[in-house]
Amino acid sequence: MQTFTTISEIRAWRKENPRVAFVPTMGNLHAGHLQLVREAKKRADKVIVSIFVNPTQFGVNEDFSTYPRTETRDCELLENEDCDAVFLPTVETIYSSNAQTTVSVSEISQNFCGASRAGHFDGVATVVCKLFNIVQPDVALFGLKDFQQFAVIQTMVRDLHLPVELVGVPTVRESDGLAMSSRNGYLTENERKIAPQLYKTLQNARENLATQTISDVEKSAISELENVGFVVDYFNVARRCDLKLVTENDDDLIILAAAKLGKTRLIDNL
Ligand code: PAF
């Protein structure tokens, strides 16, 4: 596996390789990321993964400084997957000191995680746009656990006519249903036992949608989570195509949830 840290190295590598698949990550890789690499391999001759803990997508009181940085282990895992290249840029490579441009995807960034994490999706869209411009991939893969993030990136790619195909890969789960996440490592032993309830509540809500109003489904899901110790950020049913409020004619829905267990914020969807 080749390791690159500069943009010029990536550009030279890119010229030699006709079809490239790209998996952007913030590292601390788990089985969900490795699944993205496997899916990427099916879609291109070469696969490149970036590992970059992007400062602009963290709020002031969030976990940027403590976010797990496990580069050596991450590179070993990628080698084992036969990944072709890894891009490990510094913050200075991605953000020059006089950078003045931000990519902001207005509407779809507003609700859910966007409402509770001000500026988060501007940070995501900006870094993903920069990484797309550096790597110039034919195809890029993202996990669907971050469903709103995927929707924001799809909207950016459409609006800016970026020449990249996007693939959303289904969430990989632990055997008890907990969605894989780099932040699961923050959970205490007791919180880890409670955490799968988030997915169970999503499943119950899906079942309840057959017989109850959306508002009742949301209310009982929130109490179900609060009863076991979650502090719920949001639990909402939305239209899957644009994350807007559901109307009578909609039948393609998504249930989105974010909730805190102690200091750990978990998100999931169904
Ligand atoms: O999902 C992530 O890990 C990050 O938000 C991403 C897409 C790599 C951008 O920093």
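Just follow the structure's listing: the first ligand is 1, and inside any ligand the first atom is 1.
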Would a line drawn from the ring center of Y67 to the ring center of F58 be shorter than 6.0 Å?
yes
Which ligand 1 atoms does V127 reach within 4.0 Å, using its non-hydrogen atoms?
9 (C), 10 (O)
Would you say the side chains of T56 and N54 form a donor-acceptor pair under 3.5 Å?
yes
Using the benzene-type ring in the case of Trp, are the ring centres of F4 and F87 under 6.0 Å apart?
no
S104 and D122: side-chain donor and acceptor closer than 3.5 Å?
yes
Using a 3.5 Å cut-off on N or O atoms only, is N54 in polar contact with ligand 1?
no
Q149: numbered ligand 1 atoms lying under 4.0 Å from its heavy atoms
1 (O), 2 (C), 4 (C), 5 (O), 7 (C)
R43 NZ/CZ over F22 ring centroid, <6.0 Å and within 45° of normal
no
With only distance considered, is Q57 within less than 3.5 Å of ligand 1 through an N or O on each side?
yes
T25 and ligand 1 - part of the residue with a heavy-atom distance under 4.0 Å:
backbone
